There are 2 protein chains.
Amino acid sequence: MDTRRPTLEAVAARAGVSRATVSRVVNGQTTVDAQIRDAVLRAIDELGYVPNSAARSLVTRQTDSIALVVSEPPTRVFSDDPLFSLVVRTVSSELEAAGKQAVLMLAGSQQAQERVESYVSGGHVDGVMLLSMHGADPLPIALSRMSVPAVSYGRPAAAVPLPHVDNDNVGGAEQAVRHLLAAGRRRIAAIAGPQDMTAGQDRLIGYRDALRASDRRSIVAVGDFTRASGAAAMRQLLEDDPALDAVFAANDLMAIGALQALRKAGRRVPDDVAVAGFDDIEAASFADPPLTTVRHPVVEQATAMVRMVLTPPAERESDRVVLPTELVVRDSA
Amino acid sequence: MDTRRPTLEAVAARAGVSRATVSRVVNGQTTVDAQIRDAVLRAIDELGYVPNSAARSLVTRQTDSIALVVSEPPTRVFSDDPLFSLVVRTVSSELEAAGKQAVLMLAGSQQAQERVESYVSGGHVDGVMLLSMHGADPLPIALSRMSVPAVSYGRPAAAVPLPHVDNDNVGGAEQAVRHLLAAGRRRIAAIAGPQDMTAGQDRLIGYRDALRASDRRSIVAVGDFTRASGAAAMRQLLEDDPALDAVFAANDLMAIGALQALRKAGRRVPDDVAVAGFDDIEAASFADPPLTTVRHPVVEQATAMVRMVLTPPAERESDRVVLPTELVVRDSA
DNA sequence: ACCGCGGAAGAGAGCGCTCTCAGGCGCATC
DNA sequence: GATGCGCCTGAGAGCGCTCTCTTCCGCGGT
């Protein structure tokens with residue numbers, strides 16, 4: 001292509017030593033005479049030597065990079081979701097701190113998932129982190145069979161034996177619904193998330209558990225975690241049960257959509273209808289009225305996931321971590 | 001580490017041919033007898049052979065991956081900015097279509113920039129795309145000197161000779177301000193973006209150009225592209241010139257902040273004060289009132305950048321692409 | 001004076017792949 | 001029938017690095 005970069009060999013020649021010695025210096029071994037080390041370092045500096053990573057990983061069998069796979073179909077606009085960015089950012093900087101490189105891969109289509117699979121089995125990465133998986137995704141199962149460590153952000157579908165870090169979706173939803181109950185609400189509806197995602201499933205379970213304990217009946221509409229679907233679900237619920245006086249939405253984006261639908265329908269929040277969300281994204285506090293919601297520790301969750309993927313399976317304390325959630329009470333409920 | 005993956009050698013042995021022939025089959029060369037090809041393909045399948053990418057790139061000197069570097073300091077919450085996600089997503093899928101892999105790197109700190117530099121010069125990637133650069137960043141200059149092609153999303157700082165794809169920030173700002181003028185506004189203030197970013201600079205230039213042509217005086221406060229800074233700048237402007245009747249904000253996030261500050265100050269939008277933004281993020285249409293803003297083609301810009309980094313410098317038509325913007329008139333102005 | 005020992009440097013064998021070059025075979029040409 | 005040409009296939013030389021094994025050297029012990 002263009003002028004060849006200097007190699008170990010060149011550095012060795014310049015410093016008047018052998019390749020092996022230069023390698024030792026580069027890799028920080030201590031068994032090198034100080035004077036020789038200095039000479040080598042000087043040669044490296046003069047030549048502007050940088051190790052060739054392909055050659056290195058050919059022999060060491062590791063690449064120092066870890067894949068972060070986001071399985072979101074392109075049709076679904078996840079660019080909305082601020083959680084995604086935050087996870088990416090956290091993972092990336094945590095990995096960096098560990099001397100690893102994050103490789104972000106999108107796996108929205110069947111085809112893209114196959115690409116990811118062959119990328120991983122081609123030895124490009126030392127580990128895989130999975131984000132935003134859906135029930136039918138074949139990728140997690142494929143990865144769990146490979147020799148590369150794979151972990152999941154959020155509980156994977158039931159049949160998939162993947163180590164993971166999740167937050168307490170069931171418990172969080174329960175907290176929110178109990179808060180609505182405690183405020184004296186009688187007809188509490190739910191806008192559930194997509195039921196092919198465990199976060200969607202678990203938050204609905206939490207809602208049902210809380211209601212069951214109180215003997216109220218449940219009213220459910222299903223959305224897909226987008227604002228628009230939240231608004232549509234809200235209209236549906238209003239039609240099904242005009243007397244409802246509270247709504248629990250499985251995420252904030254849908255809750256905000258619900259807020260808009262309620263306003264359009266002439267209901268006051270929280271006077272007529274109380275609304276609670278889940279996630280505590282930034283927009284929740286700017287909503288009108290500010291949204292009562294369930295906060296979960298995104299950064300901690302991402303950090304724990306990185307730690308997990310970096311720890312060899314044999315040395316892990318646990319293959320399953322669940323982090324607590326916290327109810328944030330604002331004006332909407 | 002664990003059970004060794006099959007190599008070319010193993011496939012060759014199984015198919016009863018030489019390594020070279022298997023390599024030809026794997027790389028899709030046509031000069032192989034159909035019968036032999038089938039035998040090789042069968043052997044590959046039976047063994048579950050996947051080429052070792054490190055070995056391959058050691059000899060081919062290319063890695064089929066391209067870095068996307070985001071130079072945003074960690075202190076600045078870019079997780080807010082939906083444009084970021086959209087660019088990442090577009091770049092990633094465009095690259096995928098070209099058989100390349102995107103490697104996302106964060107370069108928020110001095111240290112991180114050095115990491116990126118050595119990663120790139122270590123031969124990990126075949127090209128680099130830079131996003132969200134600030135004036136003082138040393139990285140672009142370092143990269144422009146390397147043998148790996150580098151391109152920038154948005155015009156880089158003046159002194160940096162980097163090919164780039166930008167949108168017409170100056171023209172877009174002019175459009176917005178001319179719209180305010182045409183609506184009869186007399187005192188048009190600006191909330192400028194960070195002046196160490198060319199998008200911030202250029203949008204301010206557009207504002208000034210439009211005003212100069214009309215003989216109005218300019219009133220400027222500077223923000224940093226965040227919502228909070230927009231609100232703060234708005235309060236400042238109101239204090240400086242209580243009689244202002246229009247504001248051009250250099251991005252939508254700041255415009256939304258300004259909207260909130262105006263409401264708190266008891267000004268009606270657009271009756272008392274007209275507000276125009278820039279970017280046309282989704283939140284702009286949900287703002288209260290819906291925001292008049294300047295739309296620029298993010299997807300096209302990202303796509304053009306990918307095309308540019310994939311095209312060898314010698315074959316490029318141009319090292320500088322500028323895409324047009326479009327005024328979107330809603331209720332705020 | 002000899003031996004042995006430990007620490008530090010060098011020699012050299014790969015890692016798994018690509019690619020050039022040579023070799024072999026069949027067929028058309030003279 | 002000898003020659004040449006084209007087309008496939010195989011042999012083998014690296015790509016740049018790591019790592020084991022060997023060698024070398026200096027030094028203390030007997």
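Numbers restart at 1 for each chain; the letters A, B, ... are given by sequence-line order, proteins then strands. Only a predicted model underlies this, so the values are computations on that prediction, with no experimental measurement involved.
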- Task: Describe the nucleic acid contact of Val26(B) in one word from base, sugar-phosphate, nothing, applying a heavy-atom distance below 4.0 Å.
- Result: nothing

- Query: What distance do Thr21(B) atom OG1 and Leu8(B) atom CG have between them, rounded to the nearest 0.5 Å?
  - Reply: 10.5 Å

- In this structure, which one of Thr90(B), Asn167(B), Leu323(B) forms a side chain to side chain contact (heavy atoms under 4.5 Å, CB included) with Glu300(B)? Leu323(B)

- Shortest non-hydrogen pair, Leu58(B) vs Ala55(A), comes out as CD1-CB, 3.5 Å

- Item | Worked check of side chain to side chain contact (heavy atoms under 4.5 Å, CB included) between Val40(A) and Val17(A) | CA-CA 8 Å; Val40(A) 170; Val17(A) 298; 4.0 Å; yes

- Task: Round to a whole Å and report the spacing from CD of Gln29(B) to P of dT18(C).
- Result: 10 Å

- Spell out protein contact along nucleotides 11-17 of chain D as letters: B when the base is contacted, S when just the sugar-phosphate is, - when no protein heavy atom is under 4.0 Å; keep the 5' to 3' order. BBB-BBB

- Taking every heavy atom of Asp196(A) against every heavy atom of His134(A), the minimum-distance pair comes out as OD2-ND1, 3.0 Å

- Message: Side chains of Ser71(A) and Gln113(A), heavy atoms from C-beta outward: is any pair under 4.5 Å?
- Response: yes

Give me, pair by pair, the N or O atoms of the protein and of nucleotides 23-28 of chain D that are less than 3.5 Å apart, along with how far apart they are.
none

- Query: Between Val151(B) and Leu162(B), is any pair of side-chain heavy atoms under 4.5 Å apart?
  - Reply: no

- Task: Using atom CG of Asp33(B) as one end and atom C1' of dC7(D) as the other, report the distance to the nearest whole Å.
- Result: 11 Å

- For DNA chain D, determine which residues of residues 39-48 of chain A have any heavy atom closer than 4.0 angstrom to one of its atoms, and list them numerically. none

- Task: Could you tell me the separation between the CD atom of Gln35(A) and the P atom of dG7(C), rounded to a whole number of Å?
- Result: 20 Å

- Message: Ignoring hydrogens and geometry beyond distance, is a side-chain donor-acceptor pair present between Gln301(B) and Tyr153(B) at under 3.5 Å?
- Response: yes

- Minimum heavy-atom distance Ala107(B)-Val69(B), with the two atoms named: CB-CG1, 3.6 Å

- Message: Contact between Val298(A) and Val87(A) at the side-chain level, heavy atoms closer than 4.5 Å - yes or no?
- Response: yes

- Task: Check whether any side-chain heavy atom of Met105(A) sits under 4.5 Å from a side-chain heavy atom of Leu68(A), and report yes or no.
- Result: no

- Task: Report which part of the nucleic acid Val32(A) touches: base, sugar-phosphate, or nothing (heavy-atom distance under 4.0 Å, all strands).
- Result: sugar-phosphate

